[in-house]
Structures are given as C-alpha cells and as structure tokens.
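To start, the structure under review is shown below, and the notes come after it.
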Amino acid sequence: MNLRINWRSANTSAFHAMLALDKHVNPTVDDVLHELIKIRASQMNGCAFCIDMHTTDLMKMGDHTMRIMHLSVWRESPLFTAKEKAVLELTEYVTKIADSGVPDDVYERVREHFNEKEYVDLVMAILTINGWNRIALATGMYPGCFDK
C-alpha cells in the first residue's frame, strides 16, 4: 500500500480546520458513544485507517471487544442500549444521507434520548467522521501509514 499524499503536510490549514471541527464535537458527545459513531461510519465507508484508529481508541477506554465485534450487527445485538441503537441508526442514515435522508421515526427515536442541541452535536459528530473517512480514502491512508 502506498500513501498517495500526506495531506496533513500538503495542506496544513485544511488539516487544522478538520482538527478544529473534531475538537468542537469531542466535548459534546459521550466518549464511548463517539467512538462507536466513528467506528460504525468508518465500517460503512470502508476506511481501514479510521477503523484501526477508533477501535484502538475505544479499547483504551475499557474492554469493548465484544461491542466492537457486534457493531456491524448492532440491531440484533443485546450489547447496545436503546440510546446507543438510536445513535447508531442515525449514524447509518446520515452516512448514507443521499439514499433516503433521515426518516422521521429515526429522528424521534434519537430525540427520546437527546435534546435539540445534543441532536445537532450527534449530526456534527457523524458529519466529522464521514469527512475524515473521505479524506483518508481519497489520499490513500491505511493503518500505520504515518508510523514511518
């Protein structure tokens, strides 16, 4: 595998803009839930770099091995709360927004657990990881590509 371009050094202002967006989102979303959002969107987008990074980050927060293993089948898994399932469903709809938007019933399930500000924070978290995924895929990033 070859990194096409080190976008971090090729366009530092773009890199810092993404970091600023990420910092805005991080304090507003529960850390474990935020990592679940990042991993699920990265799975859907096929971003190995981000899956590697965020599964590692989640494991540093405790033993989440089984939850990581069940994340792609979260609907059928008893390992996720109703709140987490609502957010994972929102993550899938926002990640694939062009397919059908966010249905009203999905919005209502999320709103059972989150107020309006928190809903926007969740959408921003999903938007941000989707942005990171697209950058990683477009520039050829892969696990360990910056370790050299």
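A salt bridge links R67 with E84; the closest basic N to acidic carboxylate O contact falls under 4.0 Å.
Taking NZ of K38 as the start and CD1 of I51 as the end, the distance is 14.0 Å to the nearest 0.5 Å. To the nearest 0.5 angstrom, I39 atom CD1 is 11.5 Å from S72 atom OG. The NE2 atom of H113 sits 11.0 Å away from the CG atom of L122 when rounded to the nearest 0.5 Å. Between the CZ atom of F80 and the CZ atom of R75 there is a distance of 12.0 Å, given to the nearest 0.5 Å. Separating the CG atom in L88 from the CD1 atom in I37 is a distance of 7.5 Å, to the nearest 0.5 Å. Considering CG of D104 and CZ of R111, their distance stands at 12.5 Å, rounded to 0.5 Å.
Counting only heavy atoms from C-beta outward, the side chains of F15 and N11 never approach each other to under 4.5 Å. Taking 4.5 Å as the limit, some side-chain heavy atom of T65 sits within range of a side-chain heavy atom of M69. Residues W132 and M53 have side chains not in contact (no heavy-atom distance under 4.5 Å, counting atoms from C-beta outward). In this structure the side chain of N115 reaches within 4.5 angstrom of the side chain of E118, judged on heavy atoms. In this structure, the side chains of L71 and L36 come closer than 4.5 Å at one or more pairs of heavy atoms. Counting heavy atoms from C-beta outward, I126 and Y93 have side chains that stay 4.5 Å or more apart.
Between the side chain of S77 and the backbone N or O of V73, no donor-acceptor pair lies under 3.5 Å. T55 places a side-chain N or O within donor-acceptor distance of the main-chain N or O of D52, the cut-off being under 3.5 Å.
Heavy-atom contacts from other residues, nucleotides or ligands closer than 6.0 Å to CD of E116 number 12 or fewer.
Follow the hydrophobic side-chain contacts under 4.5 Å out from M44 and you never reach V102; the two are in separate clusters. No chain of hydrophobic side-chain contacts below 4.5 Å, direct or via other Ile, Leu, Val, Met, Phe, Trp or Tyr residues, connects I5 to F146. Using a 4.5 Å cut-off between side-chain heavy atoms of Ile, Leu, Val, Met, Phe, Trp and Tyr, with links allowed through other members, I135 and F49 fall into the same hydrophobic cluster. Criterion: ILVMFWY side-chain heavy atoms under 4.5 Å apart, direct or through other members. Under it, W74 and M61 are part of a common hydrophobic cluster.
When all heavy atoms of F114 and Y119 are compared, the closest pair comes out as CB-N, 4.2 Å. Of all non-hydrogen atoms in R134 and T95, the two that sit nearest each other are NH2-O, 4.0 Å. Shortest non-hydrogen contact noted between L137 and R4 is O-NH1, 3.7 Å. Contact detail for Y142 and L3: the closest heavy-atom pair is CE2-N, 3.7 Å. Nearest heavy-atom pair, L58 versus H64, reported as atom, atom and distance to 0.1 Å: O-CD2, 3.3 Å.
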Subject >> Derivation and outcome, side-chain hydrogen bond (donor to acceptor under 3.5 Å, both in side chains), residues T128 and N130 >> reply: CA-CA 5 Å; T128 303; N130 274 282; over 6 Å; no
Original post:
Going through the distances and angles, do I129 and H54 end up as a side chain to side chain contact (heavy atoms under 4.5 Å, CB included)?
Top reply: CA-CA 10 Å; I129 188 56; H54 298 297; 3.8 Å; yes
Original post:
side chain to side chain contact (heavy atoms under 4.5 Å, CB included) between K85 and R109: does it pass, once the steps are laid out?
Top reply: CA-CA 9 Å; K85 286 183 176 189; R109 274 193 289 283; over 6 Å; no
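Under the 3.5 Å distance criterion, with hydrogens and angles disregarded, a donor-acceptor pair is assigned to the side chains of S42 and N133.
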